[in-house]
2 protein chains.
Amino acid sequence: MNKPPTFVEGLLQYVEELKDESEMTEKQRNILRASVKLFAEKGFHASSTSEIAKEAGVAEGTIFRHYKSKKDILLAVVAPVLVKFAAPFILKDVREIFKEQNKKTFAQIVTELYRNRIDLVLANEKHIRILLQEAFFHDEIREALIATVFTGVKEMANKLIEAKVDVGELRPLPTQAVFRAILSSMIGLVLFRQVLDTDEFTQFSDDEQIALTVDILLNGIGNHSI
Amino acid sequence: MNKPPTFVEGLLQYVEELKDESEMTEKQRNILRASVKLFAEKGFHASSTSEIAKEAGVAEGTIFRHYKSKKDILLAVVAPVLVKFAAPFILKDVREIFKEQNKKTFAQIVTELYRNRIDLVLANEKHIRILLQEAFFHDEIREALIATVFTGVKEMANKLIEAKVDVGELRPLPTQAVFRAILSSMIGLVLFRQVLDTDEFTQFSDDEQIALTVDILLNGIGNHSI
DNA sequence: CGTTTTAGCGAGTGATTACTCACTTTTAAT
DNA sequence: ATTAAAAGTGAGTAATCACTCGCTAAAACG
């Protein structure tokens with residue numbers, strides 16, 4: 001963190017100013033909903049404000065009454081996801097794991113985590129699309145994403161891994177490599193399910209896929225009974 | 001494959017018409033180079049033809065002498081990657097593995113594959129950015145990508161996996177889950193190296209990271225010496 | 001050499017872009 | 001009921017968009 005975290009700070013500041021959805025006008029909620037839809041479908045740059053207005057059933061001027069620029073809409077869409085999504089993710093779920101790490105096996109913990117993450121992606125599909133898509137070119141968003149979500153999870157996971165290595169549940173491998181293995185499996189799980197292998201995935205249920213993934217993660221694919 | 005593969009067919013047709021880079025004018029090569037740069041940096045929609053012309057040191061009209069539309073430039077950029085990248089990948093590398101699959105251990109094969117893939121990503125970074133980015137919204141490109149790269153690799157890998165299971169080198173797990181594990185590890189390897197963990201990655205060399213990944217893939221992270 | 005073809009140009013095209021502003025309607029407070 | 005603020009409107013704006021066209025310069029061909 002050598003740079004001044006202008007964007008992250010700005011985001012948090014922006015989030016504080018964020019109105020609750022309940023205290024928005026209906027038109028304003030429509031604008032956001034339409035923006036999410038269009039941004040997710042065609043991307044930020046390919047969506048025009050006139051389209052958004054049309055989709056929201058609102059005059060184009062109304063958009064700029066609530067958001068001072070088009071980029072401002074993107075922030076209003078991205079910011080909540082980054083905090084509503086990242087913070088509860090890290091703080092609630094992973095921290096919960098931390099508290100009970102002695103009572104559960106590593107396999108149980110990871111299984112819960114994967115199940116939880118799949119549900120989360122399913123529930124926030126459009127927002128995640130936008131987030132990933134914009135993280136692709138906007139350094140600010142990518143750095144904010146890494147700084148908020150990734151680094152937080154990594155530190156917590158690393159402590160868990162090291163604790164489980166001490167207990168003897170995990171092999172004494174470099175922590176970073178173990179973390180990578182856990183995260184890679186999770187990404188692969190979601191990626192195959194959502195994008196790559198949508199047909200074939202139906203032959204196993206989600207829970208079966210998760211069980212298989214955890215098995216492979218812990219035991220590997222190699223045959224050691226030779 | 002229930003849909004008529006219009007885009008894939010169109011792509012292949014387009015590729016045949018593709019001029020060799022050597023028989024292009026210098027200006028035309030400049031246009032392509034500038035397009036790759038800008039598309040990778042800011043995305044297709046955010047890059048204007050006037051910018052491309054400026055970056056290429058060319059009049060805007062010259063662009064449309066060679067490419068009948070802006071989308072045509074994208075195809076001229078994407079198409080070669082999809083075939084130069086996908087075909088040699090599948091045909092040369094994986095097929096080579098196939099021929100010698102009895103002479104090598106699974107670990108050796110996967111190690112070579114990961115090494116090869118990292119080098120490939122390094123050499124084609126910008127093109128891959130564009131490809132992934134456009135695959136995000138353009139169903140056509142995503143389907144073409146899956147149909148060309150993914151399906152081909154999957155079928156070949158599956159045969160390899162099944163052969164190695166028969167020999168007793170791999171555990172008799174569902175093939176699809178094993179394939180997913182192999183691919184997930186590869187994606188994780190590249191993702192961490194290029195995006196997520198650029199700092200920490202330097203503490204191990206690429207080859208060390210690959211070795212760790214293959215070890216975990218085959219043996220898992222669980223401790224079985226208890 | 002003369003002629004045809006291709007490459008390159010840049011001003012100009014209508015359409016569309018994000019955004020403004022003068023104005024009306026709705027809401028809320030006194 | 002009066003008034004002030006906030007929400008909503010839609011025509012209008014300059015800028016930019018992808019793209020065209022009439023033109024010149026340079027190869028390519030016979």
Side-chain angles (χ1 to χ4, degrees), chain A residues 14 17-78 130 133-134 137-138 140-141, chain B residues 14 17-78 130 133-134 137-138 140-141:
Chain A
Y14 188 93
E17 290 168 12
L18 259 188
K19 293 168 187 168
D20 205 336
E21 269 213 358
S22 58
E23 54 182 288
M24 282 182 183
T25 352
E26 187 169 339
K27 304 255 174 186
Q28 193 173 353
R29 251 179 282 124
N30 283 345
I31 292 169
L32 270 190
R33 188 160 38 79
S35 300
V36 170
K37 188 190 169 197
L38 290 174
F39 289 173
E41 274 172 10
K42 350 183 352 185
F44 175 71
H45 278 290
S47 312
S48 69
T49 49
S50 69
E51 275 178 300
I52 294 172
K54 206 166 143 195
E55 174 76 34
V58 153
E60 208 173 335
T62 309
I63 292 177
F64 294 95
R65 171 106 357 210
H66 295 288
Y67 306 98
K68 64 172 187 278
S69 73
K70 191 185 156 192
K71 184 149 193 168
D72 221 49
I73 308 176
L74 181 63
L75 284 183
V77 171
V78 164
I130 297 172
Q133 177 213 126
E134 292 313 313
F137 345 88
H138 293 10
E140 319 154 315
I141 294 182
Chain B
Y14 187 93
E17 291 168 12
L18 258 189
K19 293 168 187 167
D20 206 337
E21 269 213 358
S22 58
E23 53 181 288
M24 282 182 182
T25 2
E26 186 169 341
K27 305 255 173 185
Q28 193 173 354
R29 251 178 282 122
N30 283 345
I31 291 169
L32 270 189
R33 189 161 37 78
S35 300
V36 169
K37 188 189 170 198
L38 289 174
F39 288 171
E41 274 171 8
K42 353 183 353 188
F44 175 71
H45 278 289
S47 311
S48 68
T49 48
S50 68
E51 276 178 300
I52 294 172
K54 206 166 142 194
E55 173 75 36
V58 154
E60 209 173 338
T62 309
I63 292 178
F64 294 95
R65 169 112 353 217
H66 295 288
Y67 306 97
K68 65 171 186 276
S69 72
K70 190 185 158 192
K71 185 149 192 168
D72 221 49
I73 309 176
L74 181 63
L75 284 183
V77 171
V78 164
I130 296 171
Q133 177 214 129
E134 293 312 313
F137 344 90
H138 293 1
E140 319 154 316
I141 293 183

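The sequence lines fix the lettering, A, B, ..., with proteins before strands; numbering per chain opens at 1.
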Between [X] and [Y], is there a donor-acceptor pair closer than 3.5 Å when you use the side chain of the first and the backbone of the second?
X	Y	answer
B:Gln133	B:Phe39	yes
B:Arg29	B:Met24	yes
B:Ser35	B:Ile31	yes

> When the C1' atoms of the five terminal pairs at each end define the local axes, what inter-axis angle does the helix from C:dC1-D:dG30 to C:dT30-D:dA1 show, to 10 degrees?
Replying inline: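 That helix gives 20° between its end axes.
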What is the distance, rounded to the nearest whole Å, between atom [atom1] of [X] and atom [atom2] of [N]?
X	N	atom1	atom2	result
B:Met24	C:dG8	CE	C1'	17 Å
A:Lys54	D:dG10	NZ	C1'	16 Å
B:Ile52	C:dC9	CD1	P	15 Å
B:Asn30	C:dA7	CG	P	15 Å
A:Glu26	D:dT9	CD	C1'	17 Å
B:Lys27	D:dA26	NZ	C1'	12 Å

> Any side-chain N or O of B:His66 less than 4.0 Å from the OP1 or OP2 oxygen of C:dG8?
Replying inline: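 Yes, such a contact exists.
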> Has B:Thr62 got a side-chain N or O lying under 4.0 Å from the OP1 or OP2 atom of C:dC9?
Replying inline: yes
> Taking only residues two or more places apart in sequence, or in another chain, which ones meet B:Lys37 in a side-chain hydrogen bond (donor to acceptor under 3.5 Å, both in side chains)?
Replying inline: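 For B:Lys37 the side-chain hydrogen bond (donor to acceptor under 3.5 Å, both in side chains) partners, ignoring immediate neighbours, are B:Glu55.
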> Which residues satisfy the side chain to side chain contact (heavy atoms under 4.5 Å, CB included) test with B:Lys70, sequence neighbours excluded?
Replying inline: B:Phe44, B:Thr49
>> Tell me the closest heavy-atom pair linking A:Phe137 and B:Gly43, and the distance in Å.
In response: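 Answer, listing the atom of A:Phe137 first, then B:Gly43: CE2-CA, 3.6 Å.
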[X]: partners by salt bridge (Lys or Arg N to Asp or Glu O under 4.0 Å), with sequence neighbours left out:
X	result
B:Lys71	B:Glu140
A:Glu41	none
B:Glu51	B:Lys42

> Which letter, B, S or -, goes with each nucleotide of nucleotides 11-25 of chain D from 5' to 3', with contact meaning a protein heavy atom under 4.0 Å?
Replying inline: ------SBBB-B---
> So which of A:Leu38, A:Asn30, A:Leu32 actually passes side chain to side chain contact (heavy atoms under 4.5 Å, CB included) with A:Ile52?
Replying inline: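 Testing each of A:Leu38, A:Asn30, A:Leu32 against A:Ile52, the sole residue satisfying side chain to side chain contact (heavy atoms under 4.5 Å, CB included) is A:Leu38.
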> Hey, what do you get for CD1 (B:Ile73) to OG (B:Ser47), rounding to the nearest 0.5 Å?
Replying inline: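 Here the interatomic distance stands at 10.0 Å.
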Contacts under 3.5 Å, N or O only, protein and nucleotides 26-29 of chain C:
none

